[in-house]
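Chain A is the first sequence line, chain B the second, and so forth, proteins listed ahead of strands; every chain is numbered from 1. The structure presented is a predicted model; accordingly, all values stated were derived computationally and were not measured.
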Amino acid sequence: MMEQAILTDVDLAEKFPQKVKRDERKGYEGYLVDADAFLQVAQFVRDEMGYDYLSSVTGVDYFPENYLESVYHFYRTTGGPALVLKVQTPRDNAVVPSLVPLYPGAEFQEREAWDLLGIRYEGHPDLRRILMWEGFAGHPLRKDWREPYYEEDGKPFKSRWPDGHVYRIEDKNPFHKNVDYPADFDPDQWAPDNDASLYASLKKIQSSLSDSGLKTDTVIVNMGPQHPSTHGVFRMVVLLEGETIRALKPVMGYLHRNHEKIGERNTFLMNMPFTDRLDYLSSMSNNFGYALAVEKLMGIQPPERAEYLRVIMAEFTRISNHLFAIGSLLNDLGAYFTPMLYAIEERELILDIFEAVAGSRMMCNYFRFGGVARDLPEGVYEKMRDLAYERLPRRIDELDLYLTNNEIIRARCEGVGVLTAEDAIAFSASGPLLRASGVPYDIRRADPYSIYDRFEFDVAVRYHGDVYDRYLIRMDEIRQSIRILQQAIRDLPEGPIQSGKPQYQVRVPAGEAYGRVEAPKGELGYYVVSNGKPNPWRYHVRAPSFVNITALETMAKGNKVADSVAILGSIDIVLGELDR
Amino acid sequence: MTNDELNQPGYEIPPEIKNQVAITTIDRIYNWSRRSSIWPMMFGLACCAIEMICTAASRFDFARFGMEVMRPSPRQADLLLVSGTVTKKMVPQIVRLYNQMPEPKYVVAMGACASGGGPFKEGYNVVSGIDNYIPVDVYIPGCPPTPQALLHGLITLQKKIDNQTLREARWYKKDVSEVIPVPVLGPDIMDPREYELIRQYSQQKSATTVSEALEGESNPV
Ligand code: SF4
């Protein structure tokens with residue numbers, strides 16, 4: 001497809017003098033781009049330099065310096081490190097050109113930055129709040145915005161440590177709960193938005209529909225946030241013509257738990273257990289990404305045994321996550337709970353291992369900067385070996401036998417919800433969703449981290465990009481994970497599990513880092529900015545579920561409304577990380 | 001209630017109809033049937049919902065307690081298991097679901113979040129416990145509560161039901177139960193019952209900001 005030669009190693013600062021500068025702040029990388037030249041530079045980066053994949057868009061509030069910064073991480077789908085571009089804009093009039101026309105995958109990420117930081121992306125087709133509701137007062141991630149339960153800028157709060165004169169924060173709030181209202185506000189005069197802006201954007205599409213001579217009526221149907229097959233509190237608003245989906249708008253934020261605001265108050269280590277609660281089905285992978293990002297900033301490496309333990313845990317997580325995903329996809333297709341019971345049975349065995357090493361089934365909090373928290377207790381090694389060599393391979397074959405060629409599954413999945421390779425890249429899809437569309441992009445191979453370069457495994461790829469291939473690819477990936485597990489368990493060396501002494505308070509030098517891993521659901525990235533203080537200045541999570549959902553409308557359009565459930569199930573979202 | 005118990009009500013039953021009639025109180029038979037067939041609503045909020053699914057599935061299986069029928073519709077459910085973080089954006093829907101459930105209805109707050117805000121309590125979009133809005137029968141601690149803890153919570157609920165009497169349960173009173181007003185999404189979440197308070201607060205706030213500004217003018221720093 002890419003016939004033209006790709007320019008490597010262009011110095012953008014030389015190519016665009018005056019407009020682009022190298023980012024020379026200590027510990028920072030990439031380029032600073034002028035807002036008015038940004039689209040031109042981005043076009044060059046995409047078309048000439050081959051950075052076809054926009055991984056992450058986010059913003060940072062540099063409050064003391066009085067500007068906001070929009071940060072972009074680009075990658076090539078052929079592999080290699082990131083290109084980082086930044087656009088700075090004044091705080092009181094923050095405007096940045098939108099990248100959606102070039103990279104449609106920026107759509108929701110830009111909306112998020114608008115919602116939480118108040119950066120207005122000019123040229124965005126549908127710039128509305130995404131996690132909070134329309135009408136909410138303020139942009140909460142700005143550094144001068146304070147939540148109703150505000151105590152101090154950073155933890156540990158003086159009320160808790162070192163003396164521990166704890167009080168209940170409710171007692172200090174006039175309403176005794178977590179609310180605050182602006183001055184001169186009269187609730188009786190308030191007209192709630194009630195999704196008016198959402199429906200308005202659908203109406204626009206509705207009015208553009210009348211192309212065929214036949215007069216048809218369209219209806220708008222809400223699915224969720226309380227719906228048995230939206231995998232949590234997710235909501236889709238679909239515009240139907242007959243039973244056919246003409247437009248679909250995901251609505252989210254029903255589980256927005258302010259991960260990033262809390263993360264910026266926490267100390268670095270305190271964030272580790274919070275990452276567990278992002279994608280709560282695969283906490284070990286979440287730990288992994290965050291540990292990598294902070295280790296990059298600190299410049300430390302975990303010892304050998306810890307690296308192996310990390311890989312083992314991450315791959316077990318992938319298996320348990322995919323089992324759950326397959327089980328719930330079949331639930332959504334109507335095979336009510338029977339396959340799920342089989343899948344959960346195996347997952348429980350993996351959770352037993354997690355419980356033994358980490359002390360908790362789901363919220364493992366197992367990784368530390370420069371190692372892992374605990375070594376394997378007695379008997380766990382044997383259990384892991386049995387699972388990886390004996391039980392799991394057999395059970396996967398069994399699932400395969402019962403499910404893969406089942407007539408109903410094939411009828412409902414094949415050819416449904418197709419996402420082409422071009423679209424998948426453009427929408428910044430990642431993980432199984434991207435690979436089922438024929439793009440062999442797996443961070444473990446494309447931009448290896450930890451010790452993945454030592455193991456033999458294949459990057460699973462499927463080429464049809466439909467629901468069925470997304471089901472198959474999860475089966476493939478389970479098999480590959482088992483291969484990695486077998487090698488890692490076989491080679492697990494003896495030795496320490498922590499580099500240096502375990503510490504509660506780590507020293508993190510000033511700078512920025514983007515750590516990313518191939519989480520079971522796709523690319524999980526952490527963008528961390530430190531200013532040398534005990535708390536991160538900025539802590540952003542690039543969640544795979546959140547970005548993958550950008551492609552949902554494209555996949556669902558033209559399908560029947562009943563299929564939207566299957567399509568959503570095949571993306572495999574988790575609301576904890578979608579809404580954060 | 002075992003068969004034996006049913007047949008030993010403390011009255012003399014003629015031997016020829018033993019094992020054919022049972023004498024009991026309305027309270028006991030009501031409570032027994034209700035506690036043995038609690039239908040939870042199929043409604044997951046966050047991480048805790050995953051443990052709820054596990055409790056329903058292969059290993060733990062709460063069908064053993066008569067609860068396997070999970071209903072996605074509130075109109076068929078007896079139990080609202082609030083399994084996870086309650087956010088301000090979600091709470092209007094939860095209150096609405098609660099209002100739609102037919103009585104008798106019970107609420108279990110599963111996990112730290114639903115009970116009191118949990119690890120995310122200080123967040124600007126997080127409600128410090130669902131009991132700020134709807135009445136809760138059983139609280140289950142944990143983050144997430146293990147399946148065993150959830151089972152224990154459900155058994156506790158069964159015990160609570162065992163002790164109810166027709167005379168006191170609120171759904172058997174003559175008057176109609178009150179509907180809980182649905183919170184409104186304003187600049188922050190607003191409980192319609194608190195409008196007066198909100199108005200006072202925000203007037204006071206503007207008064208203090210004005211006086212602060214005046215103070216700043218009179219003695220410039
Ligand atoms: S209590 Fe813990 S596990 Fe449960 S929803 Fe809250 S954060 Fe998640």
- For the candidates Pro72(B), Ser83(B), Gly186(B), which exhibits the highest count of non-hydrogen atom pairs separated by less than 4.5 Å from chain A? Gly186(B)

- At a heavy-atom separation under 4.5 Å, does Leu281(A) approach chain B through its side chain, its backbone, both, or neither? side chain

- Task: Quick one: which of Glu147(A), Met132(A), His227(A) has the most heavy-atom pairs under 4.5 Å with chain B, could you say?
- Result: Met132(A)

- Task: Output the option from Tyr254(A), Tyr149(A), Trp145(A) having the highest count of non-hydrogen pairs under 4.5 Å with chain B.
- Result: Tyr254(A)

- Task: Count the heavy-atom pairs under 4.5 Å between each of Pro273(A), Ser360(A), Gly253(A) and chain B, then report the option with the highest count.
- Result: Gly253(A)

- Note on the structure: If one checks every heavy atom of Glu170(A) against chain B at 4.5 Å, the contacting part turns out to be side chain

- Tell me, side chain or backbone of Arg146(A) under 4.5 Å from chain B's heavy atoms, or both, or neither? neither

- Just by distance, do the side chain of Glu260(A) and the backbone of Val541(A) share a donor-acceptor pair under 3.5 Å? yes

- Message: Do the side chains of Asp188(A) and Arg199(B) get close enough for a salt bridge, i.e. N-O under 4.0 angstrom?
- Response: yes

- Going by atom types only, do Asn266(A) and Asn271(A) share a side-chain donor-acceptor pair under 3.5 Å? yes

- Task: Identify which part of Ile94(B) has an atom lying under 4.5 Å from any heavy atom of chain A, answering side chain, backbone, both or neither.
- Result: neither

- Query: With a 4.5 angstrom heavy-atom cut-off, which part of Val184(B) approaches chain A: side chain, backbone, both or neither?
  - Reply: side chain

- At a heavy-atom separation under 4.5 Å, does Tyr201(B) approach chain A through its side chain, its backbone, both, or neither? side chain

- Identify which part of Tyr150(A) has an atom lying under 4.5 Å from any heavy atom of chain B, answering side chain, backbone, both or neither. neither

- Query: Is it the side chain or the backbone of Arg361(A) that comes within 4.5 Å of chain B heavy atoms, both, or neither?
  - Reply: side chain

- Part of Glu196(B) lying under 4.5 Å from any heavy atom of chain A: neither

- Message: Is it the case that the side chain of Arg257(A) and the backbone of Thr85(B) share a donor-acceptor pair, with hydrogens and angles ignored and the cut-off at 3.5 Å?
- Response: no

- Task: May I ask you to name which of Ala46(B), Ala57(B), Gly44(B) has the most heavy-atom pairs under 4.5 Å with chain A?
- Result: Ala46(B)

- Between the side chains of Lys521(A) and Asn321(A), does any donor sit under 3.5 Å from an acceptor? yes

- Should Arg265(A) and Glu151(A) be marked as a salt bridge (charged side-chain N to carboxylate O under 4.0 Å, His left out) after you check the CA-CA gap, both sets of side-chain angles, and the distance that decides it? CA-CA 10 Å; Arg265(A) 301 245 187 269; Glu151(A) 265 189 66; over 6 Å; no

- Stacked cation flag Lys172(A) on Tyr167(A), 6.0 angstrom / 45 deg: yes

- Query: Relative to chain B, which segment of Leu255(A) carries a heavy atom at a distance below 4.5 Å: side chain, backbone, both, or neither?
  - Reply: both

- Between the side chain of Asp78(B) and the main-chain N/O of Trp39(B), is any donor-acceptor distance below 3.5 Å? yes

- Query: With a 4.5 angstrom heavy-atom cut-off, which part of Met252(A) approaches chain B: side chain, backbone, both or neither?
  - Reply: backbone

- Task: Determine the option with the most heavy-atom pairs under 4.5 angstrom with chain B, choosing from Lys261(A), Arg277(A), Met363(A), Glu134(A).
- Result: Arg277(A)

- Would Val237(A) and Leu198(A) satisfy side-chain contact (heavy atoms from CB on, under 4.5 Å), going step by step from the backbone distance to the final call? CA-CA 9 Å; Val237(A) 186; Leu198(A) 163 73; 3.8 Å; yes

- Query: Taking the six-membered ring for Trp, are the ring centroids of Phe274(A) and Phe120(B) within less than 6.0 Å of each other?
  - Reply: yes

- Message: Please classify the contact of Pro148(A) with chain B as side chain, backbone, both or neither, using a heavy-atom distance under 4.5 Å.
- Response: side chain

- Note on the structure: Checked Ile344(A), Leu131(A), Ile262(A) vs chain B; the most non-hydrogen pairs under 4.5 Å come from Ile262(A)

- How about Phe175(A) and Tyr181(A): are their ring centroids closer than 6.0 Å? yes

- Picking from Gln203(B), Lys88(B), Arg59(B), which has the most non-hydrogen pairs under 4.5 angstrom with chain A? Arg59(B)

- Task: Check each atom of Ala49(B) against the heavy atoms of chain A and say whether the ones under 4.5 Å are side chain, backbone, both or neither.
- Result: neither

- Does atom CZ of Phe60(B) have more than 12 heavy-atom neighbours from other groups under 6.0 Å away? yes

- Task: Identify which of Asp191(B), Leu197(B), Asp188(B) forms the greatest number of heavy-atom pairs closer than 4.5 Å to chain A.
- Result: Asp188(B)

- Query: So Tyr124(B) and Phe136(A), would you call those rings parallel, tilted or perpendicular, with 30° and 60° as cut-offs?
  - Reply: tilted

- Task: Name the option with the most non-hydrogen atom pairs under 4.5 Å to chain B; the candidates are Ala137(A), Pro192(A), Gly138(A), Gly576(A).
- Result: Ala137(A)

- Task: Please flag which part of Glu122(B) lies under 4.5 Å from any non-hydrogen atom of chain A: side chain, backbone, both or neither.
- Result: both

- Task: May I ask you to say whether Glu346(A) pairs ionically with Arg391(A), meaning some side-chain N is under 4.0 Å from a carboxylate O?
- Result: yes

- Identify which part of Tyr280(A) has an atom lying under 4.5 Å from any heavy atom of chain B, answering side chain, backbone, both or neither. side chain

- Message: What I want to check is whether the side chains of Asn287(A) and Asn365(A) have a donor and an acceptor closer together than 3.5 Å.
- Response: no

